[in-house]
Enquirer: 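The structure follows.
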There are 2 protein chains.
Amino acid sequence: MLRLTKKADYGLMALKYLAEHPETPSVSAKDIADTYGIPAQLLAKVLQRLAKVGLLKSHAGMNGGYALSKAARTITAFEVIHAIDGPLFITSCTKGSKSCDLEPNCTVKEPLARVNESIAAVLKSITVYDLVDHETAVSRAAQLQQLVSLTARM
Amino acid sequence: MLRLTKKADYGLMALKYLAEHPETPSVSAKDIADTYGIPAQLLAKVLQRLAKVGLLKSHAGMNGGYALSKAARTITAFEVIHAIDGPLFITSCTKGSKSCDLEPNCTVKEPLARVNESIAAVLKSITVYDLVDHETAVSRAAQLQQLVSLTARM
DNA sequence: TGAATCCAGACCAATGAGGTCGGACATATG
DNA sequence: CATATGTCCGACCTCATTGGTCTGGATTCA
Ligand code: FES
Ligand code: FES
């Protein structure tokens with residue numbers, strides 16, 4: 001119903017891997033791809049994108065590779081997904097430039113934009129550090145669900 | 001980044017329309033399609049799907065059409081989207097039957113499942129009644145965002 | 001130098017979404 | 001009852017997007 005692209009998934013996996021191995025100064029794309037068994041060239045392209053945005057620092061040449069440019073705690077899932085899949089959002093017809101021609105009639109767009117913001121907020125509250133240390137992520141999600149169900153019956 | 005399909009959008013629009021006109025016993029798909037200027041046959045298919053799941057009651061023949069089978073307040077956005085776009089979810093490789101072959105390695109799936117549940121909770125807290133009466137939906141979304149940002153810095 | 005790595009872009013294949021068609025079915029009316 | 005009309009319903013097609021590959025060039029270090 002609401003699918004996250006595979007590239008974003010790969011990107012998150014790679015970031016988690018880097019966060020788990022802070023001792024090694026730089027890890028090559030091929031290494032990560034091999035450990036997870038995902039296509040190397042595809043992961044490479046994803047990492048390039050992340051480097052371009054500034055989430056990763058790249059180092060070419062031998063023993064080169066990638067390294068986090070910020071603390072794992074300060075990189076949110078929202079940033080990653082946004083960097084890889086672009087600024088797409090819910091509401092289907094948010095094509096950026098040419099907006100849907102039946103926009104004046106569409107009465108559903110505005111409320112859905114609110115939902116969109118809520119989802120973005122959830123993603124912003126998850127960092128790659130949370131991916132490594134499961135406990136915090138799990139408990140936070142539980143809290144969120146509680147809060148949501150609370151507000152739901154008001 | 002996280003696109004809702006156009007069909008689901010149409011479905012929500014149609015449900016909202018039905019909720020706004022409770023006096024008419026049944027509205028034809030063509031009528032709704034004309035008012036919003038969307039392809040009639042496509043909307044028809046969406047409505048068929050909703051009828052099959054039990055959210056709508058269909059009535060063939062002349063003066064036929066569709067009608068809500070439950071109170072607008074009890075129909076959640078989650079139900080609608082699930083009915084139209086199927087049980088797809090985040091995490092990209094949740095193909096239902098044959099799971100991704102690199103599932104044992106994928107360390108990111110579990111945390112994302114939590115995020116998924118949070119999003120589902122948000123969608124479950126929105127009903128088609130909320131789409132009609134904007135106020136409640138807006139205020140609820142604002143509350144949610146406040147709560148999220150609160151828990152985020154813990 | 002040369003091996004290893006990053007980088008950029010074009011290119012192809014498969015999946016799925018958006019959209020269309022003709023037939024089945026139920027109701028109305030003479 | 002017969003027929004005409006409007007509706008539902010399932011199968012089909014087309015095209016955009018995604019996932020994935022290939023090529024070539026630039027950068028760094030042994
Ligand atoms: S359908 Fe285009 S604005 Fe909602
Ligand atoms: S990539 Fe397949 S389970 Fe996560």
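Throughout, protein chains are lettered first and strands after them, A, B, ... in sequence-line order, and every chain is numbered starting at 1.
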Enquirer: How about NZ on A:Lys70, more than 12 heavy atoms from neighbouring residues, nucleotides or ligands closer than 6.0 Å, or not?
Expert: yes

Enquirer: Take the protein atom CG of A:Leu4 and the nucleotide atom C1' of D:dG19, then report the distance between them rounded to whole Å.
Expert: 14 Å

Enquirer: Between atom NZ in A:Lys6 and atom P in C:dT15, what is the gap in whole Å?
Expert: 11 Å

Enquirer: Side-chain N or O of A:Tyr10 versus OP1/OP2 of D:dT18: is the shortest distance under 4.0 Å?
Expert: no

Enquirer: How long is the gap from NZ on A:Lys45 to CG on A:Leu50, to the nearest 0.5 Å?
Expert: 13.5 Å

Enquirer: Quick one: which protein N/O atoms are closer than 3.5 Å to N/O atoms of nucleotides 7-12 of chain C? Pair and distance per line, please.
Expert:
{"from": "C:dC7", "atom 1": "OP1", "to": "A:Ser58", "atom 2": "OG", "distance (Å)": "2.3"}
{"from": "C:dC7", "atom 1": "OP2", "to": "A:Tyr66", "atom 2": "OH", "distance (Å)": "2.8"}

Enquirer: What is the distance from CG of B:Leu42 to C1' of C:dG16, rounded to the nearest Å?
Expert: 14 Å

Enquirer: Count the heavy atoms of every other residue, nucleotide or ligand shown that sit under 6.0 Å from CG of B:Asn63, and state whether that count exceeds 12.
Expert: no

Enquirer: Tell me, do A:Leu18 and A:Leu56 make a side-chain contact under 4.5 Å, heavy atoms counted?
Expert: yes

Enquirer: Would you mind reading off the distance between A:Ile38 atom CD1 and D:dG20 atom P, rounded to a whole angstrom?
Expert: 9 Å

Enquirer: Hey, which sits more toward the 5' end of DNA chain D by its nearest nucleotide, A:Ala40 or A:Gly61?
Expert: A:Ala40

Enquirer: Under 4.5 Å between any side-chain heavy atoms of A:Asn116 and B:Leu4, yes or no?
Expert: no

Enquirer: Expressed in angstrom and rounded to an integer, what is the separation of B:Tyr36 atom OH from C:dG18 atom C1'?
Expert: 20 Å

Enquirer: Would you say the side chain of A:Thr127 lies within less than 4.5 Å of the side chain of A:Asp130, judging by non-hydrogen atoms?
Expert: yes

Enquirer: Under a 4.5 Å cut-off applied to non-hydrogen side-chain atoms, are A:Leu112 and B:Leu12 in contact?
Expert: yes

Enquirer: Answer whether the closest heavy-atom distance between the side chains of A:Leu123 and A:Thr76 falls below 4.5 Å.
Expert: no

Enquirer: Does A:Ile84 offer a backbone N or O that forms a donor-acceptor pair with the side chain of A:Arg49 under 3.5 Å?
Expert: yes

Enquirer: Measure NZ/A:Lys30 against P/C:dA3 and give the value in whole Å, please.
Expert: 16 Å

Enquirer: So if I take every side-chain heavy atom of A:Ala60 and compare against C:dG18, D:dG19, C:dT5, which nucleotide ends up nearest?
Expert: C:dT5

Enquirer: Rounded to whole angstroms, how far apart are CZ on A:Arg49 and C1' on D:dG19?
Expert: 13 Å

Enquirer: Measuring from atom CG of B:Leu47 to atom NZ of B:Lys52, what distance do you get when rounded to the nearest 0.5 angstrom?
Expert: 14.0 Å

Enquirer: For nucleotides 28-30 of chain C, list the nitrogen or oxygen atoms of the protein found under 3.5 Å from its nitrogen or oxygen atoms, one pair per line.
Expert:
none

Enquirer: To the nearest 10°, let me know how far the axis at one end of the helix from C:dT1-D:dA30 to C:dG30-D:dC1 is tilted from the axis at the other, five pairs an end.
Expert: 10°

Enquirer: Rounding to a whole Å, what distance do you find between A:Asp31:CG and C:dA4:C1'?
Expert: 11 Å

Enquirer: For B:Lys57, does the NZ atom have more than 12 heavy-atom neighbours from other residues, nucleotides or ligands under 6.0 Å away?
Expert: no

